[in-house]
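Here the structure comes first, spelled out in C-alpha coordinates, and everything after it is commentary.
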Amino acid sequence: MRKTIHSASDGIALKLKILAKEKEDVRRKLVVTAKKLRLKARQLAATAREKEVVRRKLVVTAREKENVRRKLVITADELRMSRKTLEKKVLERTKDLEKVRAKDEAILASIGEGLVATDKNGRILLVNKAFERLLGWKGEKRKGKLLSEVIPIIDANGKTIPESERAVTKTPKERSMTTYYKRKNGTSFPVAVTVAPIYIGKELIGTVTVFRDITKEKEIEKARSEFMSIASHQLRTPLTAIRWVLSSLKREKLTEEQTKLVKTAHETSMNMASTIRRMLMISHLEEDGMEPELEQVILQKELEKITRLHDAHRQRSGLELALQCPQDLMVRTDKQLLIEILDNLLSNALKYTPRGGKVRMSVTKEKESIRIDVADTGYGIPQEEQKRIPEKFFRASNVDSPVEAGTGIGLYMVYNIVRLIGGTISFVSQENKGTTFTLLFPS
Amino acid sequence: MDKPQKHVLVAEDEAFLLSMIRSLLTKNGVRVSTARDGQEAIDSIDKDPPDLLLLDLLMPNVDGFAVLQHRKKKKLKFPVVVCTNLSDKKNIIKCNDFDVNEYLIKSDMDDDQIWNIAEKYLV
(Lines give C-alpha, C1' and ligand atoms only; values in the text may rest on other atoms or scores of the structure.)
Protein backbone atom coordinates (compact mmCIF):
# COMPACT_ATOMS: atom_id res chain seq x y z
CA MET A 1 0.00 0.00 0.00
CA ARG A 2 2.66 2.21 0.92
CA LYS A 3 4.20 1.33 -2.28
CA THR A 4 1.07 2.24 -3.89
CA ILE A 5 0.88 5.30 -1.87
CA HIS A 6 4.43 5.95 -2.65
CA SER A 7 3.96 5.29 -6.11
CA ALA A 8 0.91 7.44 -6.01
CA SER A 9 2.75 10.25 -4.46
CA ASP A 10 5.53 9.74 -6.95
CA GLY A 11 3.04 10.15 -9.72
CA ILE A 12 1.71 13.32 -8.24
CA ALA A 13 5.18 14.67 -7.86
CA LEU A 14 5.88 13.88 -11.48
CA LYS A 15 2.71 15.43 -12.49
CA LEU A 16 3.58 18.45 -10.46
CA LYS A 17 7.00 18.50 -11.99
CA ILE A 18 5.48 18.31 -15.37
CA LEU A 19 3.05 21.02 -14.46
CA ALA A 20 5.79 23.10 -13.10
CA LYS A 21 7.69 22.53 -16.25
CA GLU A 22 4.70 23.39 -18.34
CA LYS A 23 4.21 26.46 -16.21
CA GLU A 24 7.80 27.35 -16.70
CA ASP A 25 7.37 26.86 -20.43
CA VAL A 26 4.31 28.98 -20.43
CA ARG A 27 6.09 31.64 -18.44
CA ARG A 28 8.99 31.48 -20.79
CA LYS A 29 6.66 31.69 -23.67
CA LEU A 30 4.92 34.57 -21.99
CA VAL A 31 8.21 36.28 -21.45
CA VAL A 32 9.03 35.80 -25.11
CA THR A 33 5.61 36.98 -26.11
CA ALA A 34 5.90 39.88 -23.75
CA LYS A 35 9.24 40.70 -25.32
CA LYS A 36 7.69 40.46 -28.76
CA LEU A 37 4.81 42.57 -27.67
CA ARG A 38 7.10 45.18 -26.23
CA LEU A 39 9.04 45.22 -29.50
CA LYS A 40 5.83 45.50 -31.42
CA ALA A 41 4.68 48.24 -29.12
CA ARG A 42 7.95 50.04 -29.71
CA GLN A 43 7.58 49.59 -33.42
CA LEU A 44 4.05 50.83 -33.30
CA ALA A 45 5.13 53.78 -31.26
CA ALA A 46 7.82 54.55 -33.81
CA THR A 47 5.37 54.24 -36.68
CA ALA A 48 2.94 56.44 -34.82
CA ARG A 49 5.71 58.96 -34.34
CA GLU A 50 6.61 58.85 -38.01
CA LYS A 51 2.98 59.23 -38.96
CA GLU A 52 2.72 62.18 -36.68
CA VAL A 53 5.74 63.75 -38.37
CA VAL A 54 4.21 63.09 -41.76
CA ARG A 55 0.92 64.49 -40.60
CA ARG A 56 2.60 67.55 -39.29
CA LYS A 57 4.50 67.94 -42.53
CA LEU A 58 1.29 67.59 -44.46
CA VAL A 59 -0.28 70.26 -42.37
CA VAL A 60 2.65 72.55 -43.10
CA THR A 61 2.48 71.74 -46.81
CA ALA A 62 -1.23 72.38 -46.84
CA ARG A 63 -0.60 75.70 -45.21
CA GLU A 64 2.06 76.54 -47.71
CA LYS A 65 -0.19 75.47 -50.52
CA GLU A 66 -2.87 77.69 -49.19
CA ASN A 67 -0.42 80.53 -49.05
CA VAL A 68 0.69 79.93 -52.59
CA ARG A 69 -2.91 79.73 -53.72
CA ARG A 70 -3.64 83.02 -52.04
CA LYS A 71 -0.61 84.58 -53.59
CA LEU A 72 -1.61 83.25 -56.96
CA VAL A 73 -5.00 84.77 -56.58
CA ILE A 74 -3.42 88.09 -55.76
CA THR A 75 -0.98 87.81 -58.66
CA ALA A 76 -3.78 86.91 -61.01
CA ASP A 77 -5.68 89.95 -59.87
CA GLU A 78 -2.66 92.08 -60.34
CA LEU A 79 -2.08 90.62 -63.76
CA ARG A 80 -5.64 91.28 -64.74
CA MET A 81 -5.22 94.84 -63.58
CA SER A 82 -1.99 95.42 -65.41
CA ARG A 83 -3.40 93.83 -68.54
CA LYS A 84 -6.29 96.23 -68.42
CA THR A 85 -3.92 99.16 -67.88
CA LEU A 86 -1.71 97.97 -70.66
CA GLU A 87 -4.62 97.56 -73.00
CA LYS A 88 -5.74 101.04 -72.15
CA LYS A 89 -2.31 102.42 -72.64
CA VAL A 90 -1.80 100.60 -75.94
CA LEU A 91 -5.12 101.93 -77.09
CA GLU A 92 -4.18 105.45 -76.10
CA ARG A 93 -0.77 105.14 -77.73
CA THR A 94 -2.29 103.70 -80.89
CA LYS A 95 -4.67 106.61 -80.98
CA ASP A 96 -1.77 109.00 -80.50
CA LEU A 97 0.20 107.26 -83.21
CA GLU A 98 -2.75 107.37 -85.53
CA LYS A 99 -3.15 111.03 -84.81
CA VAL A 100 0.53 111.64 -85.56
CA ARG A 101 0.29 109.51 -88.67
CA ALA A 102 -2.81 111.29 -89.82
CA LYS A 103 -1.06 114.58 -89.18
CA ASP A 104 2.03 113.46 -91.09
CA GLU A 105 -0.11 112.21 -93.91
CA ALA A 106 -2.08 115.43 -93.94
CA ILE A 107 1.18 117.37 -94.07
CA LEU A 108 2.53 115.19 -96.86
CA ALA A 109 -0.75 115.44 -98.72
CA SER A 110 -0.93 119.20 -98.28
CA ILE A 111 2.50 120.18 -99.52
CA GLY A 112 2.40 121.49 -103.04
CA GLU A 113 5.65 119.78 -103.90
CA GLY A 114 5.57 116.24 -105.18
CA LEU A 115 7.27 113.85 -102.80
CA VAL A 116 8.47 110.32 -103.29
CA ALA A 117 10.52 108.16 -100.96
CA THR A 118 12.45 105.22 -102.30
CA ASP A 119 14.45 102.44 -100.73
CA LYS A 120 18.16 102.24 -101.38
CA ASN A 121 17.55 100.37 -104.61
CA GLY A 122 15.42 103.18 -105.94
CA ARG A 123 12.10 101.40 -105.50
CA ILE A 124 9.14 103.53 -104.54
CA LEU A 125 8.08 103.28 -100.89
CA LEU A 126 5.65 106.12 -100.64
CA VAL A 127 4.36 109.07 -102.61
CA ASN A 128 2.17 112.01 -101.68
CA LYS A 129 -0.95 113.49 -103.25
CA ALA A 130 0.95 116.14 -105.17
CA PHE A 131 3.04 113.38 -106.77
CA GLU A 132 -0.16 111.74 -107.98
CA ARG A 133 -1.63 115.03 -109.12
CA LEU A 134 1.51 116.20 -110.94
CA LEU A 135 2.32 112.93 -112.66
CA GLY A 136 -1.02 111.22 -113.05
CA TRP A 137 0.18 108.01 -111.37
CA LYS A 138 -1.66 106.36 -108.49
CA GLY A 139 0.91 105.91 -105.78
CA GLU A 140 -0.44 102.63 -104.41
CA LYS A 141 -0.08 100.97 -107.78
CA ARG A 142 3.45 102.24 -108.27
CA LYS A 143 4.79 101.03 -104.92
CA GLY A 144 7.82 98.78 -105.27
CA LYS A 145 8.45 99.96 -108.84
CA LEU A 146 11.72 101.65 -109.79
CA LEU A 147 11.33 105.40 -109.56
CA SER A 148 13.50 105.88 -112.64
CA GLU A 149 11.04 103.78 -114.61
CA VAL A 150 7.96 105.49 -113.24
CA ILE A 151 9.25 109.02 -113.90
CA PRO A 152 11.59 109.36 -116.88
CA ILE A 153 13.56 112.60 -116.69
CA ILE A 154 14.09 114.35 -120.00
CA ASP A 155 15.84 117.49 -121.20
CA ALA A 156 14.33 120.34 -123.19
CA ASN A 157 14.67 118.30 -126.39
CA GLY A 158 12.87 115.27 -124.97
CA LYS A 159 16.08 113.28 -124.57
CA THR A 160 16.12 111.00 -121.54
CA ILE A 161 18.64 111.93 -118.88
CA PRO A 162 20.65 108.89 -117.78
CA GLU A 163 20.23 107.29 -114.39
CA SER A 164 23.71 108.32 -113.29
CA GLU A 165 22.82 112.00 -113.43
CA ARG A 166 19.45 111.99 -111.74
CA ALA A 167 20.47 111.07 -108.23
CA VAL A 168 22.50 114.23 -107.83
CA THR A 169 20.97 116.86 -105.62
CA LYS A 170 20.90 120.10 -107.47
CA THR A 171 19.06 123.31 -106.83
CA PRO A 172 17.84 125.13 -109.93
CA LYS A 173 20.77 127.56 -109.52
CA GLU A 174 23.30 124.77 -109.60
CA ARG A 175 21.66 122.92 -112.43
CA SER A 176 22.48 124.84 -115.54
CA MET A 177 19.98 122.96 -117.64
CA THR A 178 16.25 122.69 -117.09
CA THR A 179 15.00 119.16 -116.70
CA TYR A 180 11.52 117.83 -117.25
CA TYR A 181 9.48 115.06 -115.65
CA LYS A 182 7.37 112.90 -117.90
CA ARG A 183 3.78 112.31 -116.80
CA LYS A 184 1.85 109.06 -117.13
CA ASN A 185 0.16 110.42 -120.25
CA GLY A 186 3.49 111.20 -121.91
CA THR A 187 3.37 114.98 -121.50
CA SER A 188 6.09 116.67 -119.46
CA PHE A 189 6.73 119.70 -117.27
CA PRO A 190 9.86 121.53 -116.08
CA VAL A 191 10.87 120.65 -112.53
CA ALA A 192 13.03 121.81 -109.71
CA VAL A 193 14.18 118.67 -107.88
CA THR A 194 15.90 118.04 -104.58
CA VAL A 195 17.02 114.51 -103.77
CA ALA A 196 18.18 113.83 -100.22
CA PRO A 197 19.52 110.59 -98.76
CA ILE A 198 17.75 109.03 -95.78
CA TYR A 199 20.08 107.68 -93.13
CA ILE A 200 19.26 105.65 -90.05
CA GLY A 201 22.41 105.95 -87.99
CA LYS A 202 25.10 105.58 -90.59
CA GLU A 203 23.17 103.28 -92.85
CA LEU A 204 21.70 104.63 -96.05
CA ILE A 205 18.18 103.28 -96.28
CA GLY A 206 16.89 105.24 -99.22
CA THR A 207 16.23 108.67 -100.67
CA VAL A 208 13.50 111.22 -100.58
CA THR A 209 12.85 113.25 -103.72
CA VAL A 210 10.93 116.50 -103.62
CA PHE A 211 9.99 118.17 -106.88
CA ARG A 212 8.07 121.20 -108.00
CA ASP A 213 6.46 122.15 -111.27
CA ILE A 214 8.28 125.31 -112.39
CA THR A 215 6.27 126.00 -115.54
CA LYS A 216 5.22 129.41 -114.19
CA GLU A 217 8.76 130.38 -113.20
CA LYS A 218 9.99 129.34 -116.63
CA GLU A 219 7.33 131.49 -118.29
CA ILE A 220 8.31 134.48 -116.16
CA GLU A 221 11.97 133.85 -116.83
CA LYS A 222 11.28 133.64 -120.54
CA ALA A 223 9.26 136.86 -120.47
CA ARG A 224 12.03 138.56 -118.53
CA SER A 225 14.75 137.44 -120.87
CA GLU A 226 12.66 138.38 -123.91
CA PHE A 227 12.07 141.79 -122.39
CA MET A 228 15.79 142.22 -121.70
CA SER A 229 16.57 141.15 -125.22
CA ILE A 230 14.11 143.56 -126.83
CA ALA A 231 14.89 146.44 -124.45
CA SER A 232 18.61 146.13 -125.03
CA HIS A 233 18.09 145.94 -128.76
CA GLN A 234 15.96 149.07 -128.69
CA LEU A 235 18.60 150.89 -126.65
CA ARG A 236 21.45 149.70 -128.79
CA THR A 237 20.08 150.71 -132.15
CA PRO A 238 19.98 154.49 -131.54
CA LEU A 239 23.20 154.20 -129.55
CA THR A 240 24.87 152.62 -132.57
CA ALA A 241 23.92 155.60 -134.68
CA ILE A 242 25.29 158.02 -132.09
CA ARG A 243 28.50 156.06 -131.65
CA TRP A 244 29.15 155.68 -135.36
CA VAL A 245 28.53 159.35 -136.07
CA LEU A 246 30.88 160.36 -133.26
CA SER A 247 33.49 157.88 -134.39
CA SER A 248 33.33 159.18 -137.97
CA LEU A 249 33.41 162.78 -136.72
CA LYS A 250 36.60 161.95 -134.83
CA ARG A 251 38.25 161.20 -138.16
CA GLU A 252 37.29 164.63 -139.54
CA LYS A 253 39.37 167.77 -139.27
CA LEU A 254 38.03 169.53 -136.20
CA THR A 255 39.17 172.33 -133.96
CA GLU A 256 40.91 171.30 -130.78
CA GLU A 257 37.83 172.17 -128.78
CA GLN A 258 35.59 170.18 -131.09
CA THR A 259 37.93 167.20 -131.01
CA LYS A 260 37.81 167.21 -127.22
CA LEU A 261 34.01 167.33 -127.19
CA VAL A 262 33.60 164.65 -129.81
CA LYS A 263 36.11 162.37 -128.11
CA THR A 264 34.33 162.70 -124.78
CA ALA A 265 30.95 162.12 -126.38
CA HIS A 266 32.34 159.12 -128.23
CA GLU A 267 33.76 157.63 -125.04
CA THR A 268 30.47 158.22 -123.27
CA SER A 269 28.66 156.34 -125.99
CA MET A 270 31.18 153.52 -125.61
CA ASN A 271 30.60 153.43 -121.86
CA MET A 272 26.90 153.29 -122.43
CA ALA A 273 27.34 150.40 -124.82
CA SER A 274 29.42 148.55 -122.28
CA THR A 275 26.85 149.25 -119.55
CA ILE A 276 24.19 147.65 -121.72
CA ARG A 277 26.47 144.70 -122.38
CA ARG A 278 27.10 144.28 -118.66
CA MET A 279 23.44 144.58 -117.78
CA LEU A 280 22.65 141.85 -120.25
CA MET A 281 25.41 139.70 -118.87
CA ILE A 282 24.15 140.14 -115.32
CA SER A 283 20.68 139.25 -116.47
CA HIS A 284 22.10 136.05 -117.98
CA LEU A 285 24.17 135.34 -114.88
CA GLU A 286 21.15 135.69 -112.64
CA GLU A 287 19.15 133.34 -114.79
CA ASP A 288 20.44 129.82 -114.74
CA GLY A 289 21.23 129.65 -118.39
CA MET A 290 24.85 130.67 -118.54
CA GLU A 291 27.54 128.09 -119.04
CA PRO A 292 31.17 128.74 -119.84
CA GLU A 293 32.35 127.82 -123.31
CA LEU A 294 35.88 126.53 -123.03
CA GLU A 295 38.45 127.21 -125.70
CA GLN A 296 42.23 127.58 -125.94
CA VAL A 297 43.17 131.15 -125.21
CA ILE A 298 46.59 132.69 -125.76
CA LEU A 299 46.67 134.94 -122.71
CA GLN A 300 49.18 137.52 -123.85
CA LYS A 301 47.29 138.20 -127.05
CA GLU A 302 44.02 138.76 -125.22
CA LEU A 303 45.59 140.88 -122.50
CA GLU A 304 47.19 143.13 -125.08
CA LYS A 305 43.82 143.55 -126.76
CA ILE A 306 42.23 144.48 -123.46
CA THR A 307 44.91 146.98 -122.51
CA ARG A 308 44.76 148.55 -125.94
CA LEU A 309 41.06 149.28 -125.43
CA HIS A 310 41.97 151.43 -122.46
CA ASP A 311 44.94 153.18 -124.02
CA ALA A 312 43.18 156.41 -124.88
CA HIS A 313 41.70 156.87 -121.44
CA ARG A 314 44.96 155.85 -119.77
CA GLN A 315 47.10 158.30 -121.69
CA ARG A 316 44.67 161.10 -121.09
CA SER A 317 44.68 160.35 -117.35
CA GLY A 318 48.46 160.27 -117.31
CA LEU A 319 48.75 156.73 -116.02
CA GLU A 320 51.44 154.13 -116.59
CA LEU A 321 50.49 150.61 -117.48
CA ALA A 322 52.74 147.58 -117.28
CA LEU A 323 51.78 144.18 -118.61
CA GLN A 324 53.69 141.05 -117.68
CA CYS A 325 52.69 137.77 -119.17
CA PRO A 326 54.70 134.65 -120.07
CA GLN A 327 54.81 134.40 -123.84
CA ASP A 328 52.66 131.72 -125.47
CA LEU A 329 50.96 130.87 -122.21
CA MET A 330 47.84 128.98 -123.22
CA VAL A 331 44.83 128.44 -121.02
CA ARG A 332 41.60 126.59 -121.57
CA THR A 333 38.78 128.80 -120.42
CA ASP A 334 35.84 130.91 -121.60
CA LYS A 335 37.52 133.70 -123.54
CA GLN A 336 34.64 136.18 -123.44
CA LEU A 337 34.13 135.75 -119.72
CA LEU A 338 37.83 136.08 -118.96
CA ILE A 339 37.99 139.25 -121.07
CA GLU A 340 34.98 140.59 -119.22
CA ILE A 341 36.66 140.00 -115.84
CA LEU A 342 40.00 141.51 -116.79
CA ASP A 343 38.46 144.39 -118.68
CA ASN A 344 36.47 145.29 -115.57
CA LEU A 345 39.42 144.99 -113.21
CA LEU A 346 41.64 147.05 -115.50
CA SER A 347 38.97 149.63 -116.11
CA ASN A 348 38.48 150.04 -112.33
CA ALA A 349 42.21 150.26 -111.71
CA LEU A 350 42.55 153.02 -114.29
CA LYS A 351 39.41 154.77 -113.18
CA TYR A 352 40.33 154.93 -109.52
CA THR A 353 44.00 155.82 -109.78
CA PRO A 354 44.97 159.50 -109.78
CA ARG A 355 47.15 161.09 -112.45
CA GLY A 356 50.74 159.90 -112.45
CA GLY A 357 49.82 156.55 -110.92
CA LYS A 358 50.77 153.08 -112.06
CA VAL A 359 48.70 150.09 -113.01
CA ARG A 360 50.25 146.68 -113.42
CA MET A 361 48.72 143.54 -114.82
CA SER A 362 50.80 140.42 -114.30
CA VAL A 363 50.25 136.79 -115.09
CA THR A 364 51.96 133.88 -113.36
CA LYS A 365 51.48 130.22 -114.01
CA GLU A 366 51.01 128.29 -110.83
CA LYS A 367 50.73 124.54 -110.36
CA GLU A 368 47.29 123.92 -111.83
CA SER A 369 46.04 127.42 -112.07
CA ILE A 370 46.73 130.79 -113.57
CA ARG A 371 47.16 133.80 -111.36
CA ILE A 372 46.49 137.27 -112.67
CA ASP A 373 47.16 140.31 -110.51
CA VAL A 374 45.76 143.69 -111.37
CA ALA A 375 47.48 146.22 -109.13
CA ASP A 376 47.11 149.97 -108.98
CA THR A 377 48.47 152.84 -106.92
CA GLY A 378 45.03 154.38 -106.60
CA TYR A 379 42.58 155.60 -104.02
CA GLY A 380 42.10 152.15 -102.49
CA ILE A 381 38.99 150.85 -100.76
CA PRO A 382 38.28 152.00 -97.19
CA GLN A 383 38.91 149.13 -94.76
CA GLU A 384 35.37 149.17 -93.33
CA GLU A 385 33.80 148.92 -96.79
CA GLN A 386 35.96 146.14 -98.15
CA LYS A 387 33.61 143.29 -97.42
CA ARG A 388 30.87 144.99 -99.43
CA ILE A 389 32.90 144.90 -102.64
CA PRO A 390 31.04 141.95 -104.23
CA GLU A 391 27.63 143.61 -103.67
CA LYS A 392 25.56 144.81 -106.58
CA PHE A 393 25.49 148.63 -106.93
CA PHE A 394 28.10 149.08 -104.21
CA ARG A 395 30.42 152.04 -104.68
CA ALA A 396 33.12 152.95 -102.22
CA SER A 397 32.53 156.24 -100.41
CA ASN A 398 35.92 157.70 -101.36
CA VAL A 399 35.30 157.59 -105.11
CA ASP A 400 32.17 159.65 -105.54
CA SER A 401 33.83 161.87 -108.07
CA PRO A 402 31.18 162.74 -110.63
CA VAL A 403 33.71 162.54 -113.46
CA GLU A 404 34.34 158.85 -112.95
CA ALA A 405 30.76 157.76 -112.84
CA GLY A 406 30.55 154.10 -112.01
CA THR A 407 27.50 151.92 -111.79
CA GLY A 408 28.59 149.51 -109.09
CA ILE A 409 27.79 146.53 -111.27
CA GLY A 410 31.27 145.84 -112.60
CA LEU A 411 32.70 143.99 -109.60
CA TYR A 412 29.40 142.34 -108.79
CA MET A 413 29.56 140.90 -112.27
CA VAL A 414 33.24 140.01 -111.94
CA TYR A 415 32.63 138.02 -108.76
CA ASN A 416 29.81 136.11 -110.44
CA ILE A 417 31.74 135.40 -113.62
CA VAL A 418 34.79 134.26 -111.67
CA ARG A 419 32.62 131.66 -109.97
CA LEU A 420 31.29 130.62 -113.36
CA ILE A 421 34.75 129.89 -114.76
CA GLY A 422 35.66 127.96 -111.61
CA GLY A 423 38.04 130.56 -110.25
CA THR A 424 38.44 132.67 -107.14
CA ILE A 425 39.10 136.35 -106.68
CA SER A 426 40.50 138.28 -103.76
CA PHE A 427 42.01 141.67 -103.12
CA VAL A 428 44.18 143.64 -100.78
CA SER A 429 43.65 147.34 -100.54
CA GLN A 430 44.91 150.27 -98.55
CA GLU A 431 43.39 153.69 -98.78
CA ASN A 432 45.48 156.09 -100.85
CA LYS A 433 48.07 153.38 -101.44
CA GLY A 434 46.30 151.22 -103.95
CA THR A 435 44.47 148.00 -104.59
CA THR A 436 45.55 144.63 -105.95
CA PHE A 437 42.97 142.22 -107.25
CA THR A 438 44.12 138.63 -107.62
CA LEU A 439 42.32 136.26 -109.92
CA LEU A 440 43.03 132.55 -109.72
CA PHE A 441 41.44 130.19 -112.21
CA PRO A 442 42.08 126.67 -113.45
CA SER A 443 44.38 126.39 -116.42
CA MET B 1 42.55 149.12 -161.05
CA ASP B 2 44.48 145.90 -160.85
CA LYS B 3 42.07 143.80 -158.87
CA PRO B 4 38.39 143.62 -159.68
CA GLN B 5 36.13 145.70 -157.45
CA LYS B 6 34.71 143.68 -154.54
CA HIS B 7 30.98 143.50 -154.02
CA VAL B 8 29.41 143.72 -150.57
CA LEU B 9 25.72 143.29 -149.86
CA VAL B 10 24.51 145.16 -146.76
CA ALA B 11 21.20 144.03 -145.30
CA GLU B 12 20.07 146.55 -142.69
CA ASP B 13 16.60 147.92 -141.97
CA GLU B 14 17.79 151.03 -140.15
CA ALA B 15 18.17 153.56 -142.97
CA PHE B 16 20.68 155.77 -141.20
CA LEU B 17 23.00 152.93 -140.22
CA LEU B 18 22.69 151.52 -143.73
CA SER B 19 23.76 154.82 -145.25
CA MET B 20 26.71 155.03 -142.87
CA ILE B 21 27.97 151.59 -143.73
CA ARG B 22 27.45 152.23 -147.40
CA SER B 23 29.49 155.41 -147.39
CA LEU B 24 32.20 153.74 -145.32
CA LEU B 25 32.45 150.82 -147.74
CA THR B 26 32.24 153.00 -150.83
CA LYS B 27 35.01 155.18 -149.45
CA ASN B 28 37.10 152.01 -149.23
CA GLY B 29 36.54 151.18 -152.85
CA VAL B 30 33.87 148.54 -152.50
CA ARG B 31 30.79 148.17 -154.66
CA VAL B 32 27.80 148.15 -152.33
CA SER B 33 24.34 146.66 -152.75
CA THR B 34 21.78 147.33 -150.05
CA ALA B 35 18.71 145.53 -148.82
CA ARG B 36 16.17 146.86 -146.32
CA ASP B 37 14.87 143.46 -145.31
CA GLY B 38 15.50 139.76 -145.76
CA GLN B 39 13.50 139.40 -148.94
CA GLU B 40 15.39 142.19 -150.67
CA ALA B 41 18.61 140.53 -149.53
CA ILE B 42 17.55 137.14 -150.95
CA ASP B 43 16.55 138.74 -154.25
CA SER B 44 19.84 140.60 -154.43
CA ILE B 45 21.83 137.45 -153.67
CA ASP B 46 20.07 135.58 -156.46
CA LYS B 47 20.53 138.40 -158.97
CA ASP B 48 24.02 139.50 -158.07
CA PRO B 49 25.81 137.25 -155.54
CA PRO B 50 28.13 139.32 -153.30
CA ASP B 51 31.70 138.63 -152.16
CA LEU B 52 30.57 139.38 -148.63
CA LEU B 53 27.28 139.82 -146.85
CA LEU B 54 26.92 142.20 -143.90
CA LEU B 55 23.70 140.97 -142.34
CA ASP B 56 21.40 142.38 -139.70
CA LEU B 57 19.24 139.74 -138.01
CA LEU B 58 16.18 141.63 -136.87
CA MET B 59 14.51 143.01 -139.96
CA PRO B 60 10.85 143.45 -140.90
CA ASN B 61 8.94 140.81 -142.91
CA VAL B 62 11.80 138.43 -143.63
CA ASP B 63 14.60 138.30 -141.06
CA GLY B 64 18.29 137.59 -141.32
CA PHE B 65 17.92 133.92 -140.51
CA ALA B 66 15.79 133.43 -143.62
CA VAL B 67 18.64 134.90 -145.62
CA LEU B 68 21.08 132.47 -143.97
CA GLN B 69 18.67 129.64 -144.69
CA HIS B 70 18.55 130.69 -148.33
CA ARG B 71 22.35 130.81 -148.54
CA LYS B 72 22.54 127.33 -147.05
CA LYS B 73 19.86 125.93 -149.33
CA LYS B 74 21.57 127.35 -152.40
CA LYS B 75 24.93 126.10 -151.08
CA LEU B 76 26.38 129.59 -151.50
CA LYS B 77 29.81 130.05 -150.01
CA PHE B 78 30.29 133.82 -149.74
CA PRO B 79 31.31 134.87 -146.22
CA VAL B 80 28.77 136.42 -143.86
CA VAL B 81 29.45 138.95 -141.13
CA VAL B 82 26.42 139.36 -138.91
CA CYS B 83 26.03 142.95 -137.66
CA THR B 84 23.24 143.01 -135.14
CA ASN B 85 22.22 144.43 -131.81
CA LEU B 86 20.92 141.08 -130.59
CA SER B 87 23.35 139.33 -128.29
CA ASP B 88 21.24 136.42 -127.05
CA LYS B 89 23.18 133.22 -126.92
CA LYS B 90 20.55 131.34 -128.90
CA ASN B 91 20.98 133.70 -131.85
CA ILE B 92 24.74 133.33 -131.73
CA ILE B 93 24.45 129.55 -131.65
CA LYS B 94 21.98 129.63 -134.52
CA CYS B 95 24.37 131.75 -136.56
CA ASN B 96 27.21 129.38 -135.82
CA ASP B 97 25.09 126.57 -137.18
CA PHE B 98 24.72 128.58 -140.39
CA ASP B 99 28.51 128.92 -140.68
CA VAL B 100 28.52 132.63 -140.11
CA ASN B 101 32.07 134.00 -140.19
CA GLU B 102 31.71 136.76 -137.60
CA TYR B 103 29.07 137.89 -135.18
CA LEU B 104 29.33 141.58 -134.32
CA ILE B 105 27.29 143.67 -131.91
CA LYS B 106 26.89 147.01 -133.67
CA SER B 107 26.77 149.18 -130.57
CA ASP B 108 29.99 147.58 -129.29
CA MET B 109 31.89 148.67 -132.41
CA ASP B 110 32.84 151.83 -134.20
CA ASP B 111 31.94 152.12 -137.85
CA ASP B 112 35.55 151.81 -138.97
CA GLN B 113 36.03 148.69 -136.86
CA ILE B 114 33.33 147.09 -138.96
CA TRP B 115 35.34 147.91 -142.04
CA ASN B 116 38.50 146.48 -140.45
CA ILE B 117 36.74 143.17 -140.01
CA ALA B 118 34.94 143.19 -143.35
CA GLU B 119 38.21 143.92 -145.13
CA LYS B 120 39.64 140.55 -144.01
CA TYR B 121 36.99 138.74 -146.05
CA LEU B 122 37.59 140.70 -149.20
CA VAL B 123 41.21 139.77 -149.79
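By convention in this document, chain letters (A, B, ...) are assigned in the order of the sequence lines, proteins followed by strands, and residues within each chain are numbered from 1.
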Considering all heavy atoms of both residues, which atom of L17(B) and which atom of T240(A) are nearest to each other, and what is their separation?
->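 L17(B) and T240(A) have their closest heavy atoms at CD2-CG2, 3.9 Å.
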
Locate the shortest heavy-atom distance separating S107(B) from R243(A); write the atom from each residue and the value.
->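 That would be O-NH1, 2.7 Å.
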
Dump the intermediate steps for side-chain contact (heavy atoms from CB on, under 4.5 Å) on I105(B) and R277(A), then the final yes or no.
-> CA-CA 10 Å; I105(B) 309 293; R277(A) 204 183 59 243; over 6 Å; no

Partners passing side chain to side chain contact (heavy atoms under 4.5 Å, CB included) against M228(A) (at least two apart in sequence or in another chain) =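 Partners of M228(A) by the side chain to side chain contact (heavy atoms under 4.5 Å, CB included) criterion, ordered by chain and then number, come out as L280(A), S283(A).
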
Could you give me the CA-CA distance, side-chain angles and deciding distance for I114(B) and W244(A), then say whether side-chain contact (heavy atoms from CB on, under 4.5 Å) is met?
-> CA-CA 10 Å; I114(B) 300 221; W244(A) 287 8; 3.4 Å; yes

Could you walk me through whether S87(B) and R236(A) pass the side chain to side chain donor-acceptor pair (under 3.5 Å) check?
-> CA-CA 11 Å; S87(B) 58; R236(A) 274 172 162 169; 3.1 Å; yes

Between D110(B) and R251(A), is a salt bridge (Lys or Arg N to Asp or Glu O under 4.0 Å) present by the stated rule, with each step listed?
-> CA-CA 12 Å; D110(B) 287 335; R251(A) 295 191 297 267; over 6 Å; no

May I ask you to test the N85(B)-S232(A) pair for a side-chain heavy-atom distance under 4.5 Å?
->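 With C-beta onward as the side chain, the pair stays apart.
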
Would you give the length of the straight line joining atom OG of S248(A) to atom CG of L24(B), rounded to the nearest 0.5 angstrom?
->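 Answer for the OG-CG pair, S248(A) versus L24(B), is 9.0 Å.
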
Drop me the distance from M20(B)'s CE to S247(A)'s OG, to the nearest 0.5 angstrom.
->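 OG of S247(A) is found 6.5 Å from CE of M20(B).
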
Atom CD of Q315(A) with >12 non-hydrogen neighbours under 6.0 angstrom =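 Yes - once you tally the heavy atoms of other residues, nucleotides and ligands closer than 6.0 Å, there are more than 12.
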
Could you tell me whether K120(B) atom NZ has more than 12 heavy atoms of other residues or ligands within 6.0 Å of it?
->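 For K120(B), atom NZ is crowded (more than 12 foreign heavy atoms under 6.0 Å).
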
Within residues 259-276 of chain A, residues adjacent to chain B where the heavy-atom gap is under 4.5 Å =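 Expected list: H266(A), A273(A).
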
